[in-house]
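Worksheet: the structure to be examined is printed underneath.
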There are 2 protein chains.
Amino acid sequence: MYSLAEENYLKAIYHLEQETKGEVSTNAIAERMATKPSSVTDMMRKLADKKLLSYKRYKGVLLTSEGRKTAANVIRKHRLWEVFLVEKLDFHWDEVHEIAEQLEHVQSEKLIAKLDQFLGNPDFDPHGDPIPDQHGNVKRTEKKLLSELDKKQRGVCVGVKESSSDFLQYLDKKKITIGTKVTVLGKEFFDGSMVIQVGRDQFFISKKIAENLYVQTN
Amino acid sequence: MYSLAEENYLKAIYHLEQETKGEVSTNAIAERMATKPSSVTDMMRKLADKKLLSYKRYKGVLLTSEGRKTAANVIRKHRLWEVFLVEKLDFHWDEVHEIAEQLEHVQSEKLIAKLDQFLGNPDFDPHGDPIPDQHGNVKRTEKKLLSELDKKQRGVCVGVKESSSDFLQYLDKKKITIGTKVTVLGKEFFDGSMVIQVGRDQFFISKKIAENLYVQTN
DNA sequence: AAATATTTTTAGTCTTATCTAAATATTAGA
DNA sequence: TCTAATATTTAGATAAGACTAAAAATATTT
Ligand SMILES: [Mn+2]
Ligand SMILES: [Mn+2]
Ligand SMILES: [Mn+2]
Ligand SMILES: [Mn+2]
């Protein structure tokens with residue numbers, strides 16, 4: 001249906017739209033895709049011709065509903081494959097992203113439907129990100145960053161914001177994963193650092209860590 | 001490592017080399033790839049530069065051991081994915097080829113190793129074709145075409161030569177699959193047609209059917 | 001409101017993989 | 001062996017997707 005390049009642009013724009021809550025700029029797309037702004041302009045023309053987004057010179061782009069649906073489907077595939085790699089093939093959660101980047105472009109509606117079923121229709125990927133349904137709808141859940149919690153508050157880890165290998169390996173070392181209960185024992189206002197309790201362990205974490213862990217407080 | 005186009009050329013040449021047992025001609029490659037001879041010539045130059053095959057103008061090509069290993073690895077991936085699709089996702093054996101054509105290009109040594117293990121290190125794909133090992137070695141088995149059997153001879157179906165959807169669906173209708181025992185009850189020398197016994201059923205098959213079913217006689 | 005800085009687009013080039021049409025080499029027939 | 005048919009290569013073109021450098025539009029300072 002759509003080329004690999006087109007799918008990757010749509011996916012990047014989809015994510016950027018949610019972050020910026022509005023038009024997405026040429027430079028933002030170029031940076032996210034590790035490409036040059038002039039290449040982005042060319043592609044925006046093409047995607048606009050195909051009615052996947054609206055584009056006005058110098059004004060940035062917005063996905064059409066067709067574009068958004070297409071992007072969500074690629075993300076759906078990416079996340080389902082990540083679940084497969086972790087749950088079935090025993091990959092570690094820090095090593096599945098690159099492989100899913102390739103698998104997400106395999107074209108077959110039936111394959112995805114069967115994979116979804118095989119995996120037990122999961123709602124979240126190994127990093128806690130929601131898996132869009134067949135229509136591209138994502139059920140958004142209440143979650144906040146650990147850094148937003150105050151002293152004495154308690155939350156359950158439900159996802160990571162960054163999912164770089166370094167960060168995920170840090171979390172493993174500290175025995176934090178999806179579902180882990182975390183209690184804030186202390187919070188330093190000067191630098192945002194915290195002391196938290198995880199299981200029986202208590203330790204210090206920097207603001208940067210706290211800003212990349214999603215938790216749910218009930 | 002190698003591009004999608006390069007991998008597909010290598011795979012086609014690998015198969016053609018086995019069929020012709022010698023140099024593979026430009027036209028044969030063009031026909032197999034559904035492309036034009038001039039495109040093949042260009043690609044042969046490129047693959048020769050990369051030492052994946054030897055090419056002399058007007059003389060056809062032969063894979064180098066590096067080329068053969070690369071081709072076998074793509075075939076290994078193709079067949080492992082076919083096993084996955086049939087065994088784990090409950091696809092029918094007539095609908096997995098197109099999807100495997102895409103999956104075979106996913107790059108990750110670790111993925112293939114883990115997939116192989118997950119599937120229980122299978123030796124054959126759903127069509128009875130052998131799965132090359134990590135080094136590209138294929139264990140070849142004794143098999144012949146059903147058409148080579150004579151009256152009263154008996155064989156076990158171990159594979160199909162063609163695996164078009166039409167043919168596979170015909171086999172299903174006749175309850176023939178890998179492992180099915182087949183006995184030749186009669187053979188017409190004029191047109192090569194046969195009457196065979198499968199389970200309790202006896203029926204007529206054309207030469208074309210008999211020439212596309214591999215059997216093992218012990 | 002100018003001047004300056006930043007962002008975005010345009011123009012032109014490159015690589016990969018394809019094609020058509022024409023030229024050349026090889027093979028087969030008379 | 002000469003000729004005709006077939007196979008293969010060369011030359012030149014195209015499309016996708018990227019790049020650089022320069023031009024144009026927009027945004028930010030003074
Ligand atoms: Mn990912
Ligand atoms: Mn993920
Ligand atoms: Mn196949
Ligand atoms: Mn097969």
Side-chain angles (χ1 to χ4, degrees), chain A residues 1-14 16-17 19-63 67 70-71 74 101-102 104-105 107, chain B residues 1-14 16-17 19-63 67 70-71 74 101-102 104-105 107:
Chain A
M1 197 72 167
Y2 298 110
S3 75
L4 188 136
E6 289 170 340
E7 287 192 344
N8 282 334
Y9 273 99
L10 289 174
K11 195 166 48 120
I13 295 165
Y14 179 97
L16 287 166
E17 244 183 28
E19 290 166 29
T20 67
K21 290 153 190 306
E23 288 79 11
V24 180
S25 76
T26 300
N27 267 8
I29 298 167
E31 188 179 10
R32 185 62 60 95
M33 303 276 300
T35 186
K36 302 291 165 180
S38 55
S39 306
V40 174
T41 299
D42 283 350
M43 185 55 94
M44 293 311 103
R45 286 246 161 65
K46 183 153 57 135
L47 295 176
D49 284 350
K50 296 191 177 184
K51 313 276 187 219
L52 293 167
L53 48 77
S54 63
Y55 166 70
K56 260 175 279 174
R57 264 158 62 262
Y58 294 102
K59 297 300 180 190
V61 298
L62 276 181
L63 294 175
T70 304
V74 177
E101 283 290 309
Q102 299 179 62
E104 72 188 7
H105 301 291
Q107 306 280 7
Chain B
M1 196 71 166
Y2 299 109
S3 76
L4 189 134
E6 288 169 339
E7 287 192 343
N8 282 334
Y9 273 98
L10 290 174
K11 196 166 45 118
I13 295 165
Y14 179 97
L16 287 167
E17 243 182 30
E19 290 166 28
T20 68
K21 291 154 191 306
E23 288 78 12
V24 180
S25 76
T26 302
N27 267 9
I29 299 167
E31 189 179 8
R32 186 61 61 93
M33 303 276 300
T35 185
K36 302 291 167 181
S38 55
S39 305
V40 174
T41 299
D42 282 351
M43 186 57 93
M44 293 313 101
R45 285 245 162 66
K46 184 152 58 134
L47 295 176
D49 285 349
K50 295 190 177 186
K51 312 276 188 220
L52 293 166
L53 48 77
S54 63
Y55 166 71
K56 260 174 281 174
R57 263 158 63 262
Y58 294 101
K59 298 300 181 193
V61 298
L62 277 180
L63 294 175
T70 305
V74 177
E101 284 290 309
Q102 299 178 63
E104 72 188 7
H105 301 290
Q107 307 280 7

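Below, chains carry the letters A, B, ... as their sequence lines are ordered, and counting in each starts from 1.
The residue among Pro37(A) and Pro37(B) whose nearest nucleotide of DNA chain D lies closer to the 5′ end is Pro37(B).
Atom P of nucleotide dT18(C) and atom CE of Met44(B) are separated by 10 Å, given to the nearest angstrom. Between Arg45(A) atom CZ and dA11(C) atom C1' there is a gap of 12 Å when expressed in whole angstrom units.
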Give every donor-acceptor pair under 3.5 Å between a side-chain atom in residues 19-29 of chain A and any protein atom, sequence neighbours left out.
from, atom 1, to, atom 2, distance (Å)
Glu19(A), OE1, Arg32(A), NH2, 2.8
Glu19(A), OE2, Arg32(A), NH1, 3.3
Glu19(A), OE2, Arg32(A), NH2, 3.3
Thr20(A), OG1, Leu16(A), O, 3.0
Thr20(A), OG1, Gly22(A), O, 3.3
Ser25(A), OG, Ala28(A), N, 3.1

Anything under 3.5 Å between a donor and an acceptor, one on a side chain of residues 50-58 of chain B, the other on a protein residue two or more places apart or in another chain? List them.
from, atom 1, to, atom 2, distance (Å)
Lys50(B), NZ, Glu6(B), OE2, 2.7
Ser54(B), OG, Leu62(B), O, 3.4

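The partner of dA16(D), taking Watson-Crick or G-U wobble pairs whose two distances both stay under 3.5 Å, is dT15(C).
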Restricting to nitrogen or oxygen on both sides, can you table the protein-nucleotides 19-21 of chain C pairs closer than 3.5 Å?
from, atom 1, to, atom 2, distance (Å)
dC19(C), OP2, Thr35(B), OG1, 2.7
dC19(C), OP2, Lys36(B), N, 3.1
dC19(C), OP2, Ser39(B), OG, 2.7
dT20(C), O4, Ser38(B), OG, 2.9

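In this model, the phosphate group of dT18(C) is approached by a side-chain N or O of Tyr9(B) to a distance below 4.0 Å at OP1 or OP2.
Rounded to the nearest 0.5 angstrom, Leu47(B) CG and Thr70(B) OG1 are separated by 10.0 Å. Of the inter-residue distances, the one linking Asn8(B) atom CG with Thr35(B) atom OG1 reads 11.0 Å to the nearest 0.5 angstrom.
For the segment residues 48-63 of chain A, residues with any heavy atom less than 4.0 angstrom from an atom of DNA chain C are, sorted by number, Tyr55(A), Arg57(A), Tyr58(A). Contacts with DNA chain D (heavy atom under 4.0 Å) in residues 20-31 of chain A: none are found.
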Test log, rule side-chain contact (heavy atoms from CB on, under 4.5 Å), inputs Glu7(B) and Glu104(B):
CA-CA 9 Å; Glu7(B) 287 192 343; Glu104(B) 72 188 7; 5.5 Å; no
Starting from the C-alpha separation in whole Å, work towards a yes-or-no answer on side-chain contact (heavy atoms from CB on, under 4.5 Å) for Val40(A) and Tyr9(A).
CA-CA 9 Å; Val40(A) 174; Tyr9(A) 273 99; 4.1 Å; yes
Let me see the working for Leu63(B) and Glu17(B) under side-chain contact (heavy atoms from CB on, under 4.5 Å), right down to the final yes or no.
CA-CA 8 Å; Leu63(B) 294 175; Glu17(B) 243 182 30; 3.6 Å; yes
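The salt bridge (Lys or Arg N to Asp or Glu O under 4.0 Å) test applied to Glu31(B) returns no partner, not counting sequence neighbours.
Contact of the His105(A) side chain with the His105(B) side chain is not registered, since no non-hydrogen atoms from C-beta on lie closer than 4.5 Å. At a threshold of 4.5 Å between non-hydrogen side-chain atoms, the residues Ile13(B) and Val61(B) count as touching.
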